[in-house]
Amino acid sequence: MYDPRQLQVLAEVARTGTYTAAADALGYTQPAISYQMRMLERSVGAPLVTRRGRGVQLTPEGRALARHAGTVLAALRTAEDELAALTAPEAGRVRLAAMQSSCVSLVPRALGTLRRTRPELEVTVTQAECRVSHGLLLEGAVELAVLCDLDFRELDFREKEKERDRERDSETGRETGTGRETGTGGETEADRSDSAVGPPDNTGDPSVTVDPRLRRVPLLTDRRCVLLPADHPAAASPTVSLADLAGERWVLESGRTRFLAACRDAGFVPRIAATADDQLTLHSLVANRIGLAVMNELGVTAHFDPRVVARPLADWPVRRVFALLWPDTLRIPAAAALLHALRDTARSTNDTTVPP
C-alpha cells in the first residue's frame, strides 16, 4: 500500500511541475521531496517523473498514480471532516469554491441563511473560475463547488472559434499571398474591432469535462442580460436582440469570445468603449452612458441602480448553475447543511425576475 504522505508529494509535484515549488507548498525541504519521490518510485517499481528543463514531467505511470492520488487524498480529507463532525456534532467547517457571479448573489444569501440558522458552522469561500474550482474539488481542497455548464462549453467554443479563425486566415493567405488580410497600418478587422479592449482574452485552456465520479446537484438556470440606461428605447421591450443594438457602444468583460462571435453572426462588429471585469464597474459605466453591457442574471440581481435596467438577451443559451461534490461529502453535516442552504436560496432566486 502506498504511503499517503508520498501520494500528497506526488500530487503537489504534478500540480506545480517542480520539486522546489512542491517543497514550498508543503513546507518541506527540496531534498525531502526528492527522497519521498524516490521511495514512491521504489514502491511502484517504475519512474514517475522525468527531468524537463528546470522542472519535471510526469511519466504515464506518474500521471496514472497522480490521478488516483487526488481521489485518495480527497477521501482522507472527507473522512477527517466527518470524524471531526462526529466528535463535535454541534460544530463543523466546510470549504466552498464558487464562480464569480454566484459570489455576488447566490452564495452570500445562502451563507446569510446559515449564519441565522446554523451560527456554529464555519464556511470558507474561495472565488474561482469553474475550471479551477473543479480542480480544487478533485484535489480535496474544498468540499463543495458552485459551477455552471456554459462556462465549460465556452472553453470548447473558444477553441472551435480559434480553429475557424486559423482556417479563415489560411484561406486568406492562399488568396492574397499574405498571412492575413490587413487594412491601413497592417491592422486586421479583428484588431480594429478590439482596439480599445486592453489585455487580450486569455482563452487558450482546453475544454473541461466534469469528472463522472463527482455528484452534480442542479441549483438554477441563469440568463444572459443586456444592461441599458433606463430611458433607452430598447428598455421598453421584455427582451432584446443583438441585431437591434448594432449601432451601440459596449463595455465588455475581457472574456468575450462568444459575444464577439454572436455580434459577427448578427452582422456587425461591436464598438468597444471600455473593458471591465468587475460587475459594479459595468453597472456604473452603463449608468453613466459609456456603453451597454452584458451580464448574467445572477450578477444583475446583486446590484440595483435606478438609472440601469436589464433585459434578457434573446437567442442566447441559458446556463445551468449546479453544485458539485464527492458523493460521500453529504455524510458531513456541515457540507450537507451548506448544500441545503444553497438549494433553498437557488429556489428563491429562480423565482425572482430580472429587476424592471
Side-chain angles (χ1 to χ4, degrees), residues 100-101 148-165 168 187-203 221-279 281-303 305 307-321 353-356:
Q100 194 265 349
S101 59
C148 68
D149 57 3
L150 190 58
D151 278 9
F152 289 140
R153 293 199 304 270
E154 173 82 353
L155 291 171
D156 183 58
F157 175 85
R158 291 165 176 171
E159 288 303 307
K160 290 179 181 177
E161 280 293 299
K162 287 188 174 183
E163 181 62 29
R164 186 167 70 176
D165 288 343
R168 185 167 57 247
E187 285 184 310
T188 65
E189 181 180 3
D191 294 332
R192 292 193 299 274
S193 69
D194 221 8
S195 59
V197 303
D201 184 8
N202 183 18
T203 59
T221 56
D222 193 24
R223 295 176 294 180
R224 195 70 165 165
C225 298
V226 176
L227 298 185
L228 309 137
D231 59 356
H232 191 284
S237 302
T239 63
V240 296
S241 67
L242 287 177
D244 294 335
L245 303 172
E248 301 287 346
R249 293 169 61 86
W250 295 87
V251 292
L252 299 176
E253 297 170 303
S254 56
R256 50 174 166 253
T257 306
R258 180 180 290 273
F259 179 80
L260 295 178
C263 291
R264 183 174 62 243
D265 292 342
F268 72 98
V269 175
R271 293 187 297 158
I272 301 172
T275 296
D277 289 318
D278 174 73
Q279 293 175 340
T281 301
L282 290 173
H283 268 87
S284 181
L285 290 170
V286 174
N288 287 280
R289 303 179 182 278
I290 307 304
L292 309 187
V294 286
M295 184 180 297
N296 287 308
E297 196 169 1
L298 276 177
V300 170
T301 57
H303 305 287
D305 188 319
R307 298 172 296 172
V308 177
V309 298
R311 294 293 177 260
L313 188 56
D315 301 322
W316 195 273
V318 174
R319 68 176 187 172
R320 288 172 290 276
V321 179
T353 59
V354 173

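Just so you know, these numbers come straight off a predicted model, no measurement behind them.
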Quiz item: Counting only N and O atoms by type, is there a donor-acceptor contact under 3.5 Å from the side chain of Arg224 to the main-chain atoms of Pro317?
Solution: no
Quiz item: Looking at Gly299 and His283, what are the two nearest heavy atoms and their distance?
Solution: O-CE1, 4.2 Å
Self-check item: Atom of Met295, atom of Val300 and distance for their closest heavy-atom approach
Solution: SD-N, 3.7 Å
Practice problem: Locate the shortest heavy-atom distance separating Gly291 from Val251; write the atom from each residue and the value. | Solution: O-CG2, 4.2 Å
Quiz item: How many angstroms lie between CH2 in Trp316 and CG in Leu242, if you round to the nearest 0.5 Å?
Solution: 6.5 Å
Practice problem: Kindly determine whether Arg307 and Val286 satisfy side-chain contact (heavy atoms from CB on, under 4.5 Å), including the steps that lead there. | Solution: CA-CA 8 Å; Arg307 298 172 296 172; Val286 174; over 6 Å; no
Practice problem: Search all heavy atoms of Ala276 against all heavy atoms of Leu285 and return the closest pair with its distance. | Solution: CB-CD1, 4.4 Å
Show which side-chain atoms of residues 226-240 pair as donor or acceptor with protein atoms under 3.5 Å away, not counting sequence neighbours.
from, atom 1, to, atom 2, distance (Å)
Asp231, OD1, Arg289, NH1, 3.2
Asp231, OD1, Arg289, NH2, 3.0
Asp231, OD2, Arg289, NH2, 2.7
His232, ND1, Ala234, N, 2.9
His232, NE2, Glu248, OE2, 2.8

Self-check item: Spacing of CG belonging to Asp265 relative to CG belonging to Leu260, to within rounding of 0.5 Å
Solution: 11.0 Å
Quiz item: So, for Ser241 and Asp244, which heavy atoms are closest and what is the spacing to 0.1 Å?
Solution: OG-OD2, 2.9 Å
Quiz item: With sequence neighbours left out, what residues match Asp278 under salt bridge (Lys or Arg N to Asp or Glu O under 4.0 Å)?
Solution: none
Quiz item: Under 6.0 Å from the CG atom of Asp315, do we count more than 12 heavy atoms belonging to anything else shown?
Solution: no
Quiz item: Hey, what do you get for CD1 (Ile290) to CG (Leu282), rounding to the nearest 0.5 Å?
Solution: 12.0 Å
Quiz prompt | Main-chain N/O of Leu298 paired with Asp222 side-chain donor or acceptor, under 3.5 Å | solution = yes
Self-check item: Non-hydrogen atoms of Pro270 and Trp250 that approach each other most closely
Solution: CB-CD1, 3.7 Å
Quiz item: Is any side-chain heavy atom of Arg256 closer than 4.5 Å to a side-chain heavy atom of Ile272?
Solution: yes
Quiz item: When rounded to the nearest 0.5 angstrom, what is the spacing between CZ in Arg249 and CG in Leu292?
Solution: 10.5 Å
Quiz item: Going through the checks in order, is the side-chain contact (heavy atoms from CB on, under 4.5 Å) test met by Arg223 and Leu313?
Solution: CA-CA 8 Å; Arg223 295 176 294 180; Leu313 188 56; over 6 Å; no
